[in-house]
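Chain identifiers are assigned alphabetically (A, B, ...) following the order of the sequence lines, protein sequences preceding nucleic acid strands; residue numbering begins at 1 within each chain.
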2 protein chains.
Amino acid sequence: MKTKITLKHIARELEVSISTVSKALKNSSEISADTIEKVQAFAKLYNYRPNNLAISLKSRRTNNIGVIIPDIVHYFFTTVFRGIEHYSKERGYNVIACVSDESLEKEVINMELLANGSVDGFIMALSAETQKKNHFDHLSQVRDYGIPFVLFDRVTDEIECDKVLINDQEAAFLAVKKFIENGRKKIALITTEDYFSVSKGRESGYRQALETFGLPVDEKLILRLPFTDLDNGKVDEFFNTHGIDAVICVNEIFAVHCMNLVQQKGVKVPEEMEFIGFTDGILSKYAKPGLTSMAQHGFKMGQVAAKMLIHRIENTQDEEEEPYRTEIIKSTIIERESTINGITVL
Amino acid sequence: MKTKITLKHIARELEVSISTVSKALKNSSEISADTIEKVQAFAKLYNYRPNNLAISLKSRRTNNIGVIIPDIVHYFFTTVFRGIEHYSKERGYNVIACVSDESLEKEVINMELLANGSVDGFIMALSAETQKKNHFDHLSQVRDYGIPFVLFDRVTDEIECDKVLINDQEAAFLAVKKFIENGRKKIALITTEDYFSVSKGRESGYRQALETFGLPVDEKLILRLPFTDLDNGKVDEFFNTHGIDAVICVNEIFAVHCMNLVQQKGVKVPEEMEFIGFTDGILSKYAKPGLTSMAQHGFKMGQVAAKMLIHRIENTQDEEEEPYRTEIIKSTIIERESTINGITVL
DNA sequence: TTGTAGGCGTTATCAA
DNA sequence: TTGATAACGCCTACAA
């Protein structure tokens, strides 16, 4: 087992000083061509690689980005992660990935752990519990230490920072608009508990569309489900009682689940009931019928978040603070067979 | 903006030496109760946290694990990742996640990058290209430096190291056995190019089962698809020509895709054609009909891999090398509606 | 009981 | 052109 070689080893072997070696490896003009060649040849031979830790300690830069997401087995978050990873690598940053498991405590622990020198900045989507309890001390604290962070998707108004969002409200509005143009009258919304920022936005777009186009907002047409453990009884009753002819769901699991359920009862999709989901993931694509979805462009979102963060990391030094920005990623509709394709252009 | 506080700051402020502070924070018996209290109070007040980098540099331990997987937007890999992350956090390790994108080059770059002090060990599934080209220098090199690693799922016989696998061959055998017991005669296999270790194992189990139960192995019943960009023409022809009455697919995407396709042509699943997939992911669950799948228990796999790695990290010091182990995670069948539920116990 | 000194691997300043 | 020295933040053997 070879041991990792250091500057010191090279210096000793070549009978020069450590600083000479360091400079030679950087092609410093202070060093003679001879020495440079000798040192570099030796370094190459023994496959010298500088120790990241030492460099980080010295430079106060880790070139690591901490990503904290509520769940990794989740199409949207992994897609965003992919975008973050992709852009970050391009710019020479690694990604340390942590999962908060929808728990505030884990979010805090992960953040504190990484904040002590492991990471130059954070990109995160808040856990359910964090949004529910409105507890953001960990964010303010990290900011106090001058560590920048970017929130995406699951954000809060209480903290000022860079954010990346989709136009949830507008997207929901457009989805409902499409239903209305297709002649639907009883448009249901299936959503989560309303402490999620995204659900809130989507619900508000839903209401706004109904009002705008002169349809009554019927609270009984709004079904709130927990985001795990779908209760079929409740869903079943919902679909049995209200004469629903179109459904917008805040995620694709709700949508596909409900679509399967009503089809089992003989309802024809899309003829008798149309469906639109959010998150254009793998489920939407392989559902039967294919689920029309509002695509959230997670990859792009991740790229943008990483770009904002790295920009801030690399410009946070001396200059005066730039104002925080909120980037909106436009959601687009991906039409499949769960809706009737009119001439509407969204 | 507060700046991060260090031992030095505390020492200066309290007019003691740095080492006194260091010891006091560790409740060293060398230090007087008075000083300990004073130091700890101050540290708490100013929210002192030791710098991870400095500790790592000193201790030669990062408490980071590098995970390199081919793709993150992929149910099985994220599930494994979840297991790794879960176990690692429990043991005080963070996870640095890298995506190789099925590219050998990216796999090598990521590995070299992290090997220079960022990580105490690796857990990885080989990229498609790595398996295809049989190029493993990066693995041997890392091992030469004494950095342990564990391979899971996508492994190679050419490198000796700890491995975590599922019993691919046996699982495929059992799946085919189930078909045969259900009276199926024309059992097709839909797989990938055969440089994937998992596909190889599954194919071999498929062949073995046919032979064992006296059915002919018909090469025309084996369809090899690229793992992206499914070509419907080819698949269509495959199903049109061979009188197939049961299909085993090496992943759930192939399975659901084909199931949708044949259903569109009026084939009744499972009555006329049964399906079994691998990877019991979200697609299997929400497909219509629900897809019977060989579950790979990714979470468990991740936990086991992390456990093996951490064990090796923490025992690699002085003692003589322990022999490498290969852990097998037993795949189990999750029966849904795409197969006919006989009395068979697998 | 407290402090000094050296080291982890690197970089940067300044002196030779 | 090269080298000695100090520093990044922490730990620890040893000296006071």
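Regarding contacts with the backbone of D/dC10, every side-chain N or O of B/Ser22 stays at 4.0 angstrom or more from both OP1 and OP2. The phosphate of C/dC8 has neither OP1 nor OP2 within less than 4.0 Å of any side-chain N or O from B/Arg61. Put simply, B/Ser17 has no side-chain N or O that comes within less than 4.0 Å of OP1 or OP2 on C/dT4.
Distance B/Lys23 NZ to D/dT12 P: 10 Å, rounded to the nearest Å. Regarding B/Ile18, its CD1 atom lies at a distance of 20 Å from the P atom of D/dC14, rounded to whole Å. Residue A/Asp120 contributes atom CG, which lies 18 Å from atom P of D/dC8 at whole-angstrom precision. Whole-Å rounding puts the A/Lys8 NZ to C/dT11 C1' distance at 16 Å. Note: CZ (B/Arg60) to C1' (C/dT10) measures 13 Å, nearest angstrom. Rounded to an integer number of Å, the gap from B/Leu25 CG to D/dC11 C1' is 12 Å. For the pair B/His9 NE2 and D/dG9 C1', the computed distance is 10 Å after rounding to whole Å. In this structure, B/Ile5 atom CD1 and D/dG9 atom P are separated by 12 Å, rounded to whole Å.
For CD of A/Glu13, the number of neighbouring non-hydrogen atoms (other residues, nucleotides, ligands) closer than 6.0 Å is 12 at most. B/Lys300 NZ: 12 or fewer foreign heavy atoms inside a 6.0 Å radius. In this structure, A/Asn134 places its CG atom where more than 12 heavy-atom neighbours from other residues, nucleotides or ligands lie under 6.0 Å away.
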Audit row: A/Thr79, A/His297, side chain to side chain contact (heavy atoms under 4.5 Å, CB included) steps and yes/no:
CA-CA 8 Å; A/Thr79 311; A/His297 305 293; over 6 Å; no

Starting from the C-alpha separation in whole Å, work towards a yes-or-no answer on ring pair (Phe, Tyr, Trp, His ring centres under 6.0 Å) for A/Tyr46 and A/Phe42.
CA-CA 6 Å; A/Tyr46 286 93; A/Phe42 190 92; 4.6 Å; yes

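The base of D/dA4 lies close enough to the side chain of A/Ser19 for a donor and an acceptor atom to sit less than 3.5 Å apart.
When all heavy atoms of A/Asn116 and B/Pro50 are compared, the closest pair comes out as CB-O, 3.6 Å.
Results of the side-chain contact (heavy atoms from CB on, under 4.5 Å) test with B/Pro70 over B/Met124, B/Gln131, B/Glu102, B/Glu107 single out B/Glu102 as the only residue that passes.
Contacts between residues 26-39 of chain B and DNA chain D, counted as heavy-atom distances below 4.0 Å, involve B/Lys26. DNA chain C lies under 4.0 Å from at least one heavy atom of each of the following residues of residues 48-59 of chain B: B/Leu57, B/Lys58. Near DNA chain C, defined here as any heavy-atom distance below 4.0 Å, there are no residues from residues 109-118 of chain B.
The aromatic rings of B/His74 and B/Phe76 sit perpendicular to each other, their planes meeting at more than 60°, with 30° as the lower class boundary.
Taking 4.5 Å as the limit, every side-chain heavy atom of A/Lys106 sits out of range of all side-chain heavy atoms of A/Glu129.
Residue B/Thr6 is in sugar-phosphate contact alone, with no base atom involved, counting any heavy-atom pair closer than 4.0 Å across all strands shown.
A salt bridge does not link B/Glu160 with B/Arg143: none of the charged nitrogens is closer than 4.0 Å to a carboxylate oxygen. Salt bridge B/Arg82/A/Asp101: present, at least one basic N to carboxylate O contact under 4.0 Å. A salt bridge links B/Glu314 with B/Arg91: the distance from a Lys NZ or Arg NE/NH1/NH2 to an Asp or Glu carboxylate oxygen falls below 4.0 Å.
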